[in-house]
Amino acid sequence: MIEDFIKSYSNHPKTYDEMFLNGDRYRDHYTNFINNFSKESLENLNKKEELAKKLFMSQGITFTVYDSGEGIEKIFPFDIIPRILTSSEWSFIEKGIKQRLKALNLFLKDVYSNQFILKDKIVPINVIYSCPHFLREMHNVNVLHDIYIHIAGIDLIRDHDGTFYVLEDNLRTPSGVSYMLENREITKRLFPDLIPQCGVRSVTEYPAILYKNLMALSPRAVSNPTIVLLSPGMYNSAYYEHTTLARLMGVELVEGRDLVVKNQKVFMKTTTGLQQVDVIYRRVDDDYLDPLVFNPNSVLGVAGLMGAYRKGNVAIINAVGNGVADDKAVYTYVPDMIRYYLNEEPILKNVPTYQLSNKDELDYVFANINTMVIKKTNGSGGYGMLMGHASSEQETEEYKIEVLKDPRNFIAQPTISLSSAPCFINGKLAPRRIDLRPFALNGPDGISIVPGGLTRVALKEGSLVVNSSQGGGSKDTWVLTS
């Protein structure tokens with residue numbers, strides 16, 4: 001069975017394939033999986049794929065795509081072939097992410113207090129002050145334990161030679177962890193014997209580690225602090241994740257209307273009266289958190305919340321103002337931050353990045369636009385990008401006009417040949433491009449990263465865009481024991 005699959009499999013040229021070395025040779029760490037997988041008939045695999053779809057739909061594992069003003073709820077496509085990482089690959093990734101988060105956390109504390117990194121001209125002051133997510137309201141706010149980044153989703157890609165690069169840092173309200181957890185549960189249902197036989201490390205501790213961290217972040221010294229997950233509501237694209245995490249941690253899922261601020265303390269409305277809230281894991285963006293400070297038209301946040309936060313009466317997870325550290329123009333300087341704050345060389349590389357506010361770099365990018373990807377510095381979800389190699393002349397010219405209106409809002413990167421992995425598509429194995437988003441949790445006891453993450457898949461043939469909003473799917477991510 002598997003021999004037929006392998007013979008028909010065609011690697012992308014000049015691309016690192018996660019499973020196959022070349023031709024019909026596969027990587028050693030896939031041997032156990034292939035030996036077990038090869039016992040499955042094609043009919044069985046088709047049934048398993050169908051079962052996965054039914055399980056995702058019956059459990060409501062969906063996301064919302066906003067297109068043409070309509071919110072369409074879609075099942076999140078799941079590929080039944082896992083992406084497998086060795087223990088040494090994972091160890092390298094883990095060290096690199098921990099180093100990066102330490103530096104980014106120190107940067108946030110610095111940029112909202114003494115600004116040594118700006119005074120020493122490591123990061124240009126105009127890059128920070130022109131960032132829409134640099135919030136002057138956070139200046140000199142005493143953040144509990146000096147932890148700004150409690151939860152991070154760091155996007156990693158692999159180039160044609162197998163080198164890992166950080167594509168972007170998600171430090172505000174990173175999403176996708178519920179899909180990582182559900183992918184594992186679905187795999188257990190489809191291949192109940194495979195995970196123990198292959199020696200796959202567990203990811204299911206994530207909600208317990210997060211809950212423990214949230215408990216430890218309570219500003220009140222009480223044995224049972226009140227923790228809530230603040231959601232924008234059921235029309236948010238990640239609402240399924242909000243409900244899942246609240247349920248797995250056993251905390252209340254609330255919306256802005258369920259909370260009220262009195263005497264600079266936050267309370268939750270309950271049937272027995274007001275209950276003081278100690279920790280808010282918020283999935284609401286900064287701009288909508290407090291209508292008295294930010295967007296006055298917001299009905300998603302809580303009036304007076306920032307006053308309670310400044311006073312130290314409530315912890316907000318992640319900290320307000322983190323967006324300045326994951327702005328794509330600031331991303332360029334993260335390796336310099338690591339050298340500046342930690343006196344270490346970066347373990348994980350950045351993708352080479354061009355600042356389009358720099359005239360020389362802008363000219364270079366425009367001259368080589370067919371080999372570039374241009375992104376908005378504060379865009380997300382794969383929207384608003386120009387893929388130079390796949391765009392028409394008219395699209396390119398129109399995009400150039402947009403860039404020239406405000407070059408600070410754009411960066412460019414060379415088109416990276418993302419690594420590919422085999423996917424089960426229409427009864428065959430076919431290569432599709434992937435990335436990886438591991439989730440890091442930062443608490444008073446340090447940084448924890450569950451061994452795995454969300455592997456996103458560009459399911460459209462030839463596509464390099466893995467975002468679910470652009471037709472992407474996901475795989476279970478296996479990290480093997482040593």
Listing request: all salt bridge (Lys or Arg N to Asp or Glu O under 4.0 Å) pairs with a residue in [range], at least two apart in sequence or in separate chains.
| range | value |
| --- | --- |
| residues 434-454 | Asp155-Arg437, Lys212-Asp445, Asp435-Arg456 |
| residues 216-240 | Arg220-Asp278 |
| residues 125-137 | none |

Set of side-chain contact (heavy atoms from CB on, under 4.5 Å) partners for Ser91, sequence neighbours left out: Lys95
By side-chain contact (heavy atoms from CB on, under 4.5 Å) - contacts of Asn442 (at least two apart):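 Only Asn105, Ile147, Ile447 meet the side-chain contact (heavy atoms from CB on, under 4.5 Å) criterion with Asn442.
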What pairs with [X] under ring pair (Phe, Tyr, Trp, His ring centres under 6.0 Å), at least two apart in sequence or on another chain?
| X | value |
| --- | --- |
| Tyr341 | none |
| Phe294 | none |
| Phe366 | none |
| Tyr112 | Phe134 |

CA sep, side-chain torsions, deciding dist, call: Val200, Arg184, side-chain contact (heavy atoms from CB on, under 4.5 Å): CA-CA 10 Å; Val200 181; Arg184 179 59 52 85; 3.8 Å; yes
Ile195 and Lys188, any side-chain heavy atoms less than 4.5 Å apart: yes
Parallel, tilted or perpendicular: rings of Tyr399 and Phe410 (30°, 60°):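 If you compare the ring of Phe410 with that of Tyr399, the planes turn out perpendicular.
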Summary of side-chain hydrogen bond (donor to acceptor under 3.5 Å, both in side chains) pairs that have at least one residue in residues 283-298, sequence neighbours excluded: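 Checked against side-chain hydrogen bond (donor to acceptor under 3.5 Å, both in side chains) - neighbours excluded - the pairs reaching residues 283-298 are Glu241-Arg283, Tyr281-Arg283, Arg282-Asp286.
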Any pair counted as side-chain hydrogen bond (donor to acceptor under 3.5 Å, both in side chains), so long as it reaches residues 305-317, sequence neighbours left out: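 Pairs touching residues 305-317 that pass the test: none.
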Matching residue for Ile317 among Leu230, Ile227, Leu217 - test: side chain to side chain contact (heavy atoms under 4.5 Å, CB included): Leu217
Compile the donor-acceptor pairs under 3.5 Å between side chains in residues 258-265 and protein atoms, sequence neighbours left out, one pair per line.
from, atom 1, to, atom 2, distance (Å)
Asp258, OD2, Glu255, N, 2.8

